[in-house]
Protein chains: 4
Amino acid sequence: MRKSGTQSETFNKIVEASLQLFNQEGERVITTNHIAERMNISTGKLYYHFRNKEEIINELYHRYVKGMAEQLSAALNHNNSIEAMVMAMEKTLRHIWSFRFLPKSLPSLFCVNPQLEEEHQQLSRGQLNSKLGQLFASLREQGMLLVDDQQLAHLVQHFQMVQTGWVNTIKQNASAAELDKLIQSGCRSLMFLLAPYVSPRFQSPFERVFSRYA
Amino acid sequence: MRKSGTQSETFNKIVEASLQLFNQEGERVITTNHIAERMNISTGKLYYHFRNKEEIINELYHRYVKGMAEQLSAALNHNNSIEAMVMAMEKTLRHIWSFRFLPKSLPSLFCVNPQLEEEHQQLSRGQLNSKLGQLFASLREQGMLLVDDQQLAHLVQHFQMVQTGWVNTIKQNASAAELDKLIQSGCRSLMFLLAPYVSPRFQSPFERVFSRYA
Amino acid sequence: MRKSGTQSETFNKIVEASLQLFNQEGERVITTNHIAERMNISTGKLYYHFRNKEEIINELYHRYVKGMAEQLSAALNHNNSIEAMVMAMEKTLRHIWSFRFLPKSLPSLFCVNPQLEEEHQQLSRGQLNSKLGQLFASLREQGMLLVDDQQLAHLVQHFQMVQTGWVNTIKQNASAAELDKLIQSGCRSLMFLLAPYVSPRFQSPFERVFSRYA
Amino acid sequence: MRKSGTQSETFNKIVEASLQLFNQEGERVITTNHIAERMNISTGKLYYHFRNKEEIINELYHRYVKGMAEQLSAALNHNNSIEAMVMAMEKTLRHIWSFRFLPKSLPSLFCVNPQLEEEHQQLSRGQLNSKLGQLFASLREQGMLLVDDQQLAHLVQHFQMVQTGWVNTIKQNASAAELDKLIQSGCRSLMFLLAPYVSPRFQSPFERVFSRYA
DNA sequence: CATGAATGAGCTTTCATTCAT
DNA sequence: AATGAATGAAAGCTCATTCAT
């Protein structure tokens, strides 16, 4: 049906409407009918573009991962300053927030969609994980972080867990102002994870940035 | 109908069967029909004891929280040795594991059952959180942890996030042997969170225990 | 089970509780469970006294008819004064009101309980009807009403229809004060049916009573 | 889903099948499943067109009221002859008969569907009532009826009550022949209500028609 | 491409009634 | 007499998905 390369405008609109509804109402309560209704299109049209609801979620998941990978790549390219690092963190949290239904729903989706679980293993726990590992390794090389390989692996894992944990602490629909605050405190939370391993040389700039997020 | 105080045998059996099915298959795909069928009882019987599926989940959630609180209380009473602490961690992870459907499903349940979300705020993010805070504070008093109040608050939060994150990394049905290993690595992961704040005096026993979990 | 002669206290209490609930909430939404719950007895006890819900309704129907018959007999014994007639009307309307669920539910019950329909034919459209006919005939003999037999039959029918129609115009739960007013206007309505046939001799006392109900 | 304005063929067929079943078997015992089964359609199809059984009943109620209003309007336009009046009565009774489940079920439905009760207040006791009042008023102007305003109001009310009472006296499934007779006697019954107020000028034509219905 | 009516399996829930105790 | 847990048929309704047009 859909040509996998070209993503028609409708395709994109469906994905975006779904994202919005999933985030706002919860993926679990949003049916394909809701999505079509919200978009003022027929269910048939929706099913022309997607074989089923799962496929929409898959697409969203891929977009989520892609965005995460991009943030990480960007961070890798600006890994020389702590400020830049934290900016990247902020952008990452914002990105996670914009796909917030995923951390909430993924664990419960796996029993329905095992293929998604596998992909999640490969992408999040695989690709993204190793990218984050690279980032931390480069920070180590820069002398920013003092960690051995084991510690680095733990940091990576915890970093991801705290990111996920962070979204789940937030209520479904926060205002823009609230969100800003929450992103700040999320960054602080993540920085706190790294704090013990920041090298003395970078201690003071780190503290400076950290205190800015108080 | 059912007296809410007395918990009949059937009541308990329904709760236990539900827990097993939820853990094994995922709460999302288990219907009240499945539960009744598995137990070889009529749906009517199930609905005589519970108004609906939500109520079963609520009951399970309360049992989960109760167990967590008990572990924390026990830990508070044996907070003098690192060994004891880690034993408590193990037991806690085992307990979480036995209710593993909850960390997976809770976030997606909130949109369906907002009352549960509120309770979660009060119980997990409230009661359990402060209990864990007390535990860490007592460790600080014992001279085990060197942390200021802010750090303590972060530690509490991260500790919980890593616990939750840990269950979600595990595939639905792990064998007993796999589980043991996973519990070990979970403990290591949690210890790693505390590691930077362990006081020099307790460094060496901490290391000893830590390495045992390698 | 129940000895048909002796009506135990429980039996009566069930009937009375049912009547109250049927009147207040509507027979259609009141289940046997509701009745037992309201009475703080077990469903088993209820079913010891009544084979089923139908039987409770039958009993209520019989009490209703019995009451109606009593009112009519009383009226027959005091048929010399218009005042007495209207007093009887009032009492009758009050009685109908106290069984108000019946006129509302009977027509819809017949498809479920055809035996009840038959009884209704015999009792209401039979026994009560002829009693009311007798009453009107005696009024004719007294010179109060000037009607031929055909007119009398019509009057009887209309009288019953207006009584029934009257209850159905009233909302389920009227206050005592409202009820008093409604009874007044119900009497007026019934008197109006008879008005054209009141003999000149009784015109003025009739008018006097009628105007009192304005 | 369904556009509320356009009434598709299926929509109409569902309404008609429901009416037939409700009339024949009683609304109370007819479920949406029965309707779908009878029509050889899926329950899903039925629920695509109606949110629930209530909505079907609402639709039927509106059709009933619309028909009543039409009969009354027609009567108003041909109010010069008694013959025409009685023809209108006949048509009205036939219409009521074709919706006979309504007078039987409405009173018992109100406790389940309070919105319907409100509509009934506004439509039957409001709109239809005043239309009938207008009709009688125009008959008064024509010199056919001699009534004051109070009497007119009572007549209106009684007329409606007798119409309703009439349907309820008839057993569920009367043959066409029986029905014709019943309609005749219904008309007679209604005429009898008016009889005392027919002006001398119209007495003889009235009697003529009345006797024809004997 | 698009429509939207239709499907139908299956979910949650109710309730009159039974029955072992 | 009484209990109250249990039954089970059946009701109302949903929703992912299909398919004729």
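Throughout, a chain's letter reflects where its sequence line sits, starting with A, and its residues are numbered from 1. Because only heavy atoms are used, hydrogens play no part in the values below, and waters and symmetry mates are left out as well, while side chains stay in.
Look at CZ on A:Phe50: it is 20 Å from P on F:dC15, rounded to the nearest Å. To the nearest angstrom, C1' of E:dA6 lies 14 Å from CG of D:Asn40. Rounding to whole angstrom units, NZ of residue D:Lys53 and C1' of F:dA10 are separated by 13 Å. Spacing between atom CZ of A:Arg28 and atom P of E:dT12 amounts to 10 Å, rounded to whole angstrom units. The distance from atom CD1 of D:Ile30 to atom C1' of F:dG12 is 15 Å, rounded to the nearest whole Å. Going from atom CE of C:Met39 over to atom P of F:dA2 covers 11 Å, rounded to whole Å. D:Glu9 has its CD atom 19 Å from the P atom of F:dA20, to the nearest Å. Put simply, CZ on C:Arg51 is 15 Å from P on E:dC19, counting in whole angstrom units.
Under 4.0 Å is where a charged nitrogen must lie from a carboxylate oxygen, and between B:Glu117 and A:Lys171 no such pair does.
Taking only side-chain nitrogens and oxygens, A:Tyr47 comes nearer than 4.0 Å to OP1 or OP2 of F:dT17. Contact check, B:Ser42 against F:dG8: no side-chain N or O comes under 4.0 Å of OP1 or OP2. Side-chain nitrogen and oxygen atoms of C:His34 include none within less than 4.0 Å of the OP1 or OP2 phosphate oxygen of E:dC15. For E:dA16, the OP1/OP2 oxygens have a side-chain nitrogen or oxygen of C:Thr32 closer than 4.0 Å. Between C:Asn52 and E:dA16, a side-chain N or O to OP1/OP2 separation shorter than 4.0 Å is absent. C:His49 has a side-chain polar atom (N or O) that falls below the 4.0 Å cut-off from OP1 or OP2 of F:dA2.
Counting heavy atoms from C-beta on, the side chains of A:Lys13 and A:Met39 come closer than 4.5 Å. Between B:Ile56 and B:Leu46, the closest side-chain pair of non-hydrogen atoms falls below 4.5 Å.
Looking at the side chain of B:Asn33, the nearest of the listed nucleotides E:dT13, E:dT7, F:dG12 is E:dT13.
Aromatic ring pairs are classed by plane angle as parallel below 30°, tilted from 30° to 60° and perpendicular above 60°; the pair B:Phe22 and B:Phe101 is tilted.
Here the rule is side chain to side chain donor-acceptor pair (under 3.5 Å) with D:Tyr61, and of D:Lys66, D:His120, D:Glu119 only D:His120 fits it.
Comparing the P positions of E:dC1 and F:dT21 gives a spacing of 23 Å, expressed to the nearest Å.
Among the atoms of the strands shown, base atoms are found under 4.0 Å from some heavy atom of A:Lys45. Base contact: C:Thr43 has a heavy atom under 4.0 Å from a base atom.
The minimum heavy-atom distance between B:Asn113 and B:Asn58, with the atom names listed, is ND2-OD1, 3.6 Å.
Taking the nucleotide of DNA chain E with the nearest heavy atom to each of A:Thr10 and B:Gly44, the more 5' of the two is matched to A:Thr10. Residue-to-nucleotide proximity on DNA chain E shows that, of B:Glu54 and C:Glu54, the 5′-proximal contact is made by B:Glu54. Between C:Leu46 and B:Leu46, the one whose closest nucleotide on DNA chain F sits nearer the 5' end is C:Leu46.
Of the nucleotides present, none pairs with F:dA1 by Watson-Crick or G-U wobble criteria with both distances under 3.5 Å. Base pairing of E:dC11 is made with F:dG12, judged by Watson-Crick or G-U wobble geometry with both donor-acceptor distances under 3.5 Å.
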